[in-house]
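Since we're looking at a predicted model, the values are computed, not measured.
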Amino acid sequence: PGRGGRVRRGAKMAKTNTGKVTEKAIHDALKKFDDLPQFDWQRMYDATSARGAFMNQTGDFEFFLPKVHGVIEVKSTQHPNRLARRAFSDLQRAKLYRRMQAGGQVFVIVHHYTVGQWKLIPFSVCHQAFSVDGQASIVTDKFFTTDNEYSVVAELLKEAVNGSTTPTP
């Protein structure tokens, strides 16, 4: 293949690595909350990470609190203020929606890595925009924003316990 082929593969690899780095950052942030009483969480390894050993998982992490359970899906994007529908497969959106219908709190943490921002978006907003309204992307400016992964996880736990305070568009 010519030079263009190598560039494309490199760009895809960089995107994949950015996603893994973002997931690792959230993993490390969740670990900082391990001392909280009555809080538990686990990493859900996807089929790609496990080299096909596992079936597709509902999200990247599950969390558990008294009377509250949920899923965290982590996304990484170079766009400074949008989350694209193509960040989710149809199967992934369906699995997240099913968990939400089963009473789970489902959140999407978006890392806008080019501007160093972390956003917290209730999955219900993604479902409405992508699966119901057919939008190609969501503007993320209205949602909780911070410059670090610890703060976005802290906000997620607060919203999970107290009910979502994030505005819906």
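- Residues Arg43 and Glu23 meet the side-chain proximity criterion, which asks for heavy atoms closer than 4.5 Å.
- For Glu155 against Leu120, the heavy-atom pair with the smallest separation is CG-CD2, 3.8 Å.
- For Ser131 (side chain) and Ala129 (main-chain N/O), no donor-acceptor pair under 3.5 Å exists by modelled atom type.
- Asp60 and Val74 get closest at one heavy-atom pair: OD2-N, 2.7 Å.
- No cation-pi contact links Arg85 to Phe88, judged by a cut-off of 6.0 Å to the six-membered ring centre and 45° from its axis.
- Of the options Val106, Val108, Leu96, a side chain to side chain contact (heavy atoms under 4.5 Å, CB included) to Cys126 is made by Val108 and by none of the others.
- Rounded to the nearest 0.5 Å, atoms CZ (Arg86) and CZ (Phe130) are 10.0 Å apart.
- Judged as a side chain to side chain contact (heavy atoms under 4.5 Å, CB included), and not counting sequence neighbours, the contacts of Gln128 are Val132, Asp133.
- Taking the six-membered ring where tryptophan is involved, the planes of His127 and Tyr97 are essentially parallel, since the angle between them stays under 30° and well short of 60°.
- Residues Val152 and Ile26 are in side-chain contact: their nearest non-hydrogen atoms beyond the backbone lie under 4.5 Å apart.
- With Arg82 contributing its side chain and Thr140 its backbone, the two residues share no donor-acceptor pair below 3.5 Å.
- Linking Ile, Leu, Val, Met, Phe, Trp and Tyr whenever their side-chain heavy atoms come within less than 4.5 Å puts Val68 and Phe144 in one cluster.
- A single hydrophobic cluster is seen to contain both Leu65 and Ile109, as judged by linkage of ILVMFWY side chains at heavy-atom distances under 4.5 Å, directly or through other members.
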Identify all side-chain donor-acceptor contacts of residues 27-38 below 3.5 Å with residues at least two apart in sequence or on another chain.
from	atom 1	to	atom 2	distance (Å)
Asp28	OD1	Lys24	NZ	2.8
Asp28	OD2	Lys24	NZ	3.0
Asp34	OD1	Trp41	NE1	2.6

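- Listed here is the closest heavy atom pair of Ser137 and Ala84: CB-CA, 3.9 Å.
- What you find for Asp147 and Trp118 is that their closest heavy atoms are C-CD1, 3.7 Å.
- Within the 4.5 Å cutoff, side-chain heavy atoms of Leu156 are placed close to those of Ile72.
- Using a 4.0 Å cut-off between charged nitrogen and carboxylate oxygen, Arg99 and Glu62 count as a salt-bridge pair.
- A side-chain donor-acceptor contact under 3.5 Å links Lys75 to the backbone of Ala87.
- Here the CZ-CE distance, from Arg93 to Met100, works out to 12.5 Å after rounding to the nearest 0.5 Å.
- Contact check for Phe123 versus Val71: no side-chain heavy atoms found under the 4.5 Å cut-off.
- Nearest heavy atom pair, residue Ala160 against residue Phe63, reads CB-CE1, 3.7 Å.
- Looking at heavy atoms from C-beta onward, Tyr113 lies out of side-chain contact with Val21 at the 4.5 angstrom threshold.
- Between the CZ atom in Phe61 and the CZ atom in Phe107 there is a gap of 15.0 Å [rounded to 0.5 Å].
- At distances below 3.5 Å, not a single donor-acceptor pair connects side-chain atoms of Thr58 with backbone N or O atoms of Lys95.
- At distances below 3.5 Å, not a single donor-acceptor pair connects side-chain atoms of Thr77 with backbone N or O atoms of His112.
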